[in-house]
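The figures that follow rest on heavy atoms only: side chains count, while hydrogens, waters and symmetry mates do not. Note on naming: letters A, B, ... go to the chains in the order of the sequence lines (proteins, then strands), and numbering restarts at 1 for each one.
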Amino acid sequence: MRRGDAARRLGLEAVFDAGGHVSQLLGEMAIPHGEGMVRQGLVASQPGRQLFQIRFHGRPHQGFHVDGGIVQILGLLSAHGRRDPFQAGRHRHKTDNIRGWIGIAPELAARDRHDPRHSPLIRRKVPVSMTMRTRFAPSPTGFLHIGGARTALFNHLHTRRHGGTTLLRVEDTDRERSTEAATQAILEGLAWLGLSPDEGPYFQSDFTQRHLDAAWRLVEEGKAYRCTCSKEEVDALREEQRASKDKPRYDGRCRDRTDHPEGTPFVLRFRLDAVGETVWHDMIQGTIRYPNDEMDDLILVRSDGSPTYNLAVVVDDHAMGITHVIRGSDHLSNTPRQLALFRAFGWEPPIYGHMPLLHGTDGAKLSKRHGAVSVLQYREEGFLPEAVNNYLARLGWSHGDQEFFTMEELERLFDVTEVGKSASVFNASKLEWLNTQHMKSLDPARLAPELVYHLKALGVVQPDPALAAAIIPTLRDRAKTFREMADKARFYFMESVEPYLPKAVDKHFQPEMVEPFTQWVERLAAVPLWEPAALEAEFNAVLEATGAAKGKLAQVARVALAGSDVSPGIFEVMGVLGRERALRRLSRGLEILRQHVGA
RNA sequence: GUCCCGUUCGUCUAGGGGUCUAGGACGCCGGCCUUUCAAGCCGGCAACACGGGUUCGAUUCCCGUACGGGACGCCA
């Protein structure tokens with residue numbers, strides 16, 4: 001192993017002071033079964049060894065030990081000072097704030113003092129940042145769908161947990177298909193979910209020049225070349241390879257051409273040597289090995305002069321100081337290509353985490369043209385963003401037996417390294433259940449605007465927000481979505497709830513109900529305090545006086561109040577309606593009852 | 001076809017050599033409560049893909065098979 005490889009494998013960055021001591025050490029540490037992040041700077045120092053505080057999560061491995069290389073982990077101590085936290089059995093979830101001794105092999109420190117250039121870490125002079133920076137990078141070719149929302153959510157949550165910064169970069173290098181409307185839809189979707197970025201939106205098309213500069217730099221360095229093959233020519237080649245059951249790939253026929261015919265359109269291709277394999281540690285997928293002969297010379301710049309995705313991503317991720325890339329695992333096979341580009345440019349790559357994809361009930365990847373709808377569609381259907389986020393977070397991730405999470409809890413607990421590797425299937429009924437749970441836990445004042453919105457959608461003219469807020473406690477156990485709640489709430493807003501549901505009238509409007517119902521309406525007119533408990537007391541008094549059955553009389557009242565035999569509790573309903581309106585409905589109900597039984 | 005990845009109740013998941021008679025949640029079924037409908041509470045049904053190995057012992061580790069998914073663009 002070359003010197004420095006251990007450090008690189010660990011993803012650690014070190015800055016050495018004049019004496020050859022590590023003055024700063026940051027980054028992610030990939031160790032068997034887990035991740036650690038150096039969280040704070042130097043805590044204590046001894047000759048040859050320095051104590052850093054490390055935040056550790058993931059799956060600690062017994063007997064963890066890394067040696068060799070310029071940065072050496074000498075041992076770890078727990079926050080409580082236990083000797084070796086990994087010896088003490090299972091630490092499945094969080095083992096935070098472990099402090100570890102990190103030292104430099106003395107002979108290397110000595111060397112570095114003599115000639116700092118021998119340290120690859122120094123030579124690169126990578127600016128070191130303690131802050132995690134992540135990005136969400138959608139392409140504006142359609143709405144933000146549920147899978148994209150999940151990617152944005154995972155980025156947001158992981159970054160919040162680690163106190164970093166999120167940014168949004170709109171990947172509009174495909175000018176043909178990118179639209180302004182799509183950009184707006186994505187922004188609106190993110191805003192609704194509460195996932196608006198800390199920085200941005202940036203537009204990749206604004207950075208075309210730096211993409212092209214970078215590509216031409218590679219040409220100058222002999223790492224990229226002009227290719228004059230036409231699209232048709234390459235397509236034909238691939239077709240041929242497919243036919244002979246080979247992997248379709250460009251054969252590099254223009255690699256060593258030195259003539260550049262004037263006026264012939266060309267693309268810029270990146271030289272990718274088909275030897276060895278690319279290995280990296282993924283925050284979710286673990287160690288991935290990818291044979292390099294699987295890759296062909298990818299196009300960096302199109303024949304129309306525009307940069308392609310792989311080029312733009314690498315240049316921008318570097319330029320924007322992105323430390324962690326969390327994206328769908330459909331990007332997994334792009335990663336070795338991007339890693340190769342980072343190497344060619346001499347830049348430190350970010351740490352990757354590839355999320356398992358979301359599948360539809362048919363088992364196939366959810367996408368814009370396959371089963372996925374806009375997240376804003378969930379708003380239209382009456383879901384709370386809290387519920388959608390909660391549901392999405394639980395797809396691939398869990399925290400003990402907990403199902404219900406507030407956004408604050410997720411931001412505190414969620415860690416992308418705890419996400420599982422297998423794809424999950426979207427299940428609407430669990431989302432509905434979670435929506436009910438959130439509706440039950442949130443303040444009616446927060447919920448009222450949602451109800452108002454959906455009431456309007458159902459044609460209720462100018463619903464009173466105060467009334468909506470009063471209605472919510474009566475209906476939130478009874479609806480899965482606001483659309484459903486609005487539907488069930490309509491009777492509150494009607495001038496008259498007639499005609500009553502015929503079936504309900506036939507069933508509940510019986511002759512023996514006339515006397516008790518009459519009594520009740522009379523007593524209600526005189527009740528001093530119009531509130532549920534008092535109303536119920538009057539009701540019970542009538543029951544006692546007349547011997548009527550509670551359920552039967554209540555149903556008559558219910559039909560009069562709501563026009564149907566299904567509604568929230570009648571005393572609650574009366575309370576919300578207020579004395580005047582409730583009494584009017586009940587009196588009218590009495591008239592109809594009398595007519596119906598021919599009294 | 002090639003490469004990469006995955007596989008625990010219908011679905012989301014816990015569990016990473018013995019504690020597994022495999023835990024929780026949604027849904028479903030039944031009961032209780034009850035002024036209707038819900039909600040709530042209690043109970044039930046229901047899973048380690050298959051085959052080899054390693055081991056005293058495998059759901060757990062290794063190999064293979066099957067199945068599923070992803071990628072193989074002058075899309076991102």
Check your understanding: Going by distance alone, is a donor N or O of one side chain under 3.5 Å from an acceptor N or O of the other, for A:Ser424 and A:His359?
Key -> no
Practice item. Might you work through the salt bridge (Lys or Arg N to Asp or Glu O under 4.0 Å) test for A:Asp296 and A:Arg238, ending with a clear yes or no? Key: CA-CA 12 Å; A:Asp296 61 4; A:Arg238 277 194 242 272; 3.7 Å; yes
Point to revise | Which nucleotide in B:C74, B:C75, B:G24 has an atom nearest any side-chain atom of A:Asp401 | key: B:G24
Check your understanding: Whole Å only: how far is the CG atom of A:Leu501 from the C1' atom of B:C37?
Key -> 13 Å
**Study point:** Atom pair distance, as rounded to whole Å: CG in A:Asp235 and P in B:C72
**Key:** 14 Å
Practice item. Quick one: label A:Phe539 by what it contacts on the DNA or RNA (base, sugar-phosphate, nothing), any heavy atom closer than 4.0 Å. Key: nothing
Check your understanding: Which nucleotide, B:C3, B:C74, B:C5, lies nearest any side-chain atom of A:Gln285?
Key -> B:C5
Exercise for review: Could you give the distance separating B:G6 and B:A49 at their C1' atoms, to the nearest angstrom?
Suggested key: 12 Å
Practice item. Give a yes or no on whether A:Lys552 atom NZ has more than 12 heavy-atom contacts from other residues, nucleotides or ligands under 6.0 Å away. Key: no
Review point. Do the side-chain N or O atoms of A:Lys421 get closer than 4.0 angstrom to the phosphate oxygens (OP1, OP2) of B:G6?
Key: yes
Check your understanding: Do A:Tyr290 and A:Thr335 have side-chain N/O donor and acceptor atoms under 3.5 Å apart?
Key -> no
Review point. With a 4.0 Å cut-off on heavy atoms, is A:Pro248 in touch with a base, just the backbone sugar-phosphate, or nothing at all?
Key: base
Practice item. Please measure how far the C1' atom in B:C9 lies from the corresponding atom in B:C4, and state the result in whole Å. Key: 29 Å
Practice item. Using only side-chain N and O atoms of A:Ser424, determine if any of them is under 4.0 Å from OP1 or OP2 of B:U13. Key: yes
Point to revise | side-chain N/O A:Lys440 vs B:G40 OP1/OP2, d < 4.0 Å | key: yes
Review point. Are side-chain N/O atoms of A:His508 and A:Tyr500 paired as donor and acceptor at under 3.5 Å?
Key: no
Point to revise | Any side-chain donor near an acceptor of the partner, A:Asp297 and A:Tyr225, under 3.5 Å | key: yes
**Study point:** B:G15 versus B:G53 - spacing of their C1' atoms, nearest Å
**Key:** 24 Å
Exercise for review: Please report, rounded to the nearest Å, how far the C1' atom of B:A25 is from the CD atom of A:Glu403.
Suggested key: 4 Å
Practice item. Could you check whether A:Asp296 gets within reach of a base, just the sugar-phosphate, or nothing at all, counting any heavy atom under 4.0 Å? Key: nothing
Point to revise | Atom C1', compared across B:C63 and B:G1: separation rounded to whole Å | key: 24 Å
Check your understanding: Does a side-chain N or O from A:Ser564 land closer than 4.0 Å to OP1 or OP2 of B:U36, or not?
Key -> no
Exercise for review: Answer with base, sugar-phosphate or nothing: what part of the nucleic acid does A:Glu572 contact at a heavy-atom distance below 4.0 Å?
Suggested key: nothing
Practice item. Give one of base, sugar-phosphate or nothing for A:Thr173, where a contact means two heavy atoms less than 4.0 Å apart. Key: sugar-phosphate
Check your understanding: From the list B:U7, B:C26, B:A71, which nucleotide is the closest neighbour of the side chain of A:Lys247?
Key -> B:A71
Practice item. Pick base, sugar-phosphate or nothing for A:Ser429, based on heavy-atom distances below 4.0 Å to the nucleic acid. Key: sugar-phosphate
Exercise for review: Identify which nucleotide among B:U35, B:C12, B:A76 has an atom closest to any side-chain atom of A:Leu395, counting heavy atoms from C-beta outward.
Suggested key: B:C12
Point to revise | Heavy-atom donor-acceptor pair, A:Arg476 side chain to A:Met439 backbone, under 3.5 Å | key: yes
Check your understanding: Looking at the side chain of A:Lys430, which of B:C12, B:C74, B:A76 is the nearest nucleotide?
Key -> B:C12
Check your understanding: With a 3.5 Å cut-off and no angle check, do the side chains of A:Asn310 and A:Thr308 form a donor-acceptor pair?
Key -> no
Review point. How would you label the contact of A:Arg242 with the nucleic acid (heavy atoms, under 4.0 Å): base, sugar-phosphate, or nothing?
Key: nothing
Exercise for review: Rounded to whole angstrom, note down the P distance from B:U54 over to B:C62.
Suggested key: 15 Å
Exercise for review: Classify the side chain of A:Arg478 versus the base of B:U36 as yes if they form a donor-acceptor pair under 3.5 Å and no if they do not.
Suggested key: yes
Point to revise | Nucleotide nearest A:Leu357 (side chain, heavy atoms from C-beta), chosen from B:C4, B:U11, B:G70 | key: B:G70
Review point. If only side-chain N and O atoms of A:Arg302 are considered, is one of them under 4.0 Å from the OP1 or OP2 phosphate oxygen of B:C75?
Key: yes
Review point. When you match A:Lys231 and A:Asp330 each to their closest nucleotide on RNA chain B, which lands nearer the 5' end?
Key: A:Asp330
Check your understanding: A:Phe266 or A:Asp565: which one's nearest nucleotide on RNA chain B is closer to the 5' end?
Key -> A:Asp565
Review point. Does A:Arg238 put a side-chain nitrogen or oxygen below 4.0 Å from OP1 or OP2 of B:G73?
Key: yes
Exercise for review: Specify the separation, in whole Å, of atom CD of A:Gln241 and atom P of B:C3.
Suggested key: 15 Å
Exercise for review: Identify which nucleotide among B:C37, B:C12, B:C74 has an atom closest to any side-chain atom of A:Val566, counting heavy atoms from C-beta outward.
Suggested key: B:C37
Exercise for review: Would you mind telling me which of B:A39, B:U35, B:U7 lies closest to the side-chain atoms of A:Asp477?
Suggested key: B:A39
Check your understanding: Which value, in whole Å, describes the distance between the P atoms of nucleotides B:U55 and B:G43?
Key -> 44 Å
**Study point:** Separation between the P atoms of B:A71 and B:G10, rounded to whole Å
**Key:** 28 Å
Practice item. Remember a base hit wins even if backbone is also touched, and classify A:Pro568 as base, sugar-phosphate or nothing at under 4.0 Å, heavy atoms. Key: base
Check your understanding: Does A:Ser398 have a side-chain nitrogen or oxygen under 4.0 Å from the phosphate oxygens OP1 or OP2 of B:A14?
Key -> yes
Check your understanding: Choosing from B:C74, B:C26, B:G69, which nucleotide comes nearest the side chain of A:Lys365?
Key -> B:G69
Review point. Contact class for A:Cys227 vs. all strands (heavy atom < 4.0 Å): base, sugar-phosphate, or nothing?
Key: nothing
Point to revise | Whole-Å C1' distance, B:A46 and B:A22 | key: 12 Å
Check your understanding: Is A:Arg289 salt-bridged to A:Asp282, cutoff N-O under 4.0 Å?
Key -> no
Point to revise | Interatomic distance where CG belongs to A:Asp362 and C1' belongs to B:G10 [whole Å] | key: 15 Å
Point to revise | Touch class at under 4.0 angstrom, heavy-atom based, for A:Val267 against every strand present | key: base
Review point. Rounded to whole angstroms, how far apart are CG on A:Asp317 and C1' on B:A76?
Key: 13 Å
Practice item. Take A:Tyr391 and A:Phe383 through the ring-ring contact (aromatic ring centres under 6.0 Å, His included) test and state the conclusion after the steps. Key: CA-CA 11 Å; A:Tyr391 177 71; A:Phe383 288 95; 9.4 Å; no
Check your understanding: Checking all strands, does A:Tyr290 fall into the base, sugar-phosphate, or nothing category for heavy-atom contacts under 4.0 angstrom?
Key -> sugar-phosphate
**Study point:** Atom pair distance, as rounded to whole Å: CZ in A:Arg150 and P in B:C12
**Key:** 11 Å
Check your understanding: With respect to the side chain of A:His359, which nucleotide from B:G69, B:C26, B:U2 is positioned closest?
Key -> B:G69
Exercise for review: Rounded to the nearest angstrom, tell me the gap between atom CE in A:Met355 and atom C1' in B:G70.
Suggested key: 14 Å
Check your understanding: Heavy atoms under 4.0 Å, any strand shown: does A:Gly569 hit a base, just sugar-phosphate, or nothing?
Key -> base
Review point. Is A:Asn310 side chain donor-acceptor paired with the B:A76 base, going by distance under 3.5 Å alone?
Key: no
Practice item. Using a 4.0 Å heavy-atom cut-off across all strands, classify A:Gly328 as base, sugar-phosphate, or nothing. Key: nothing
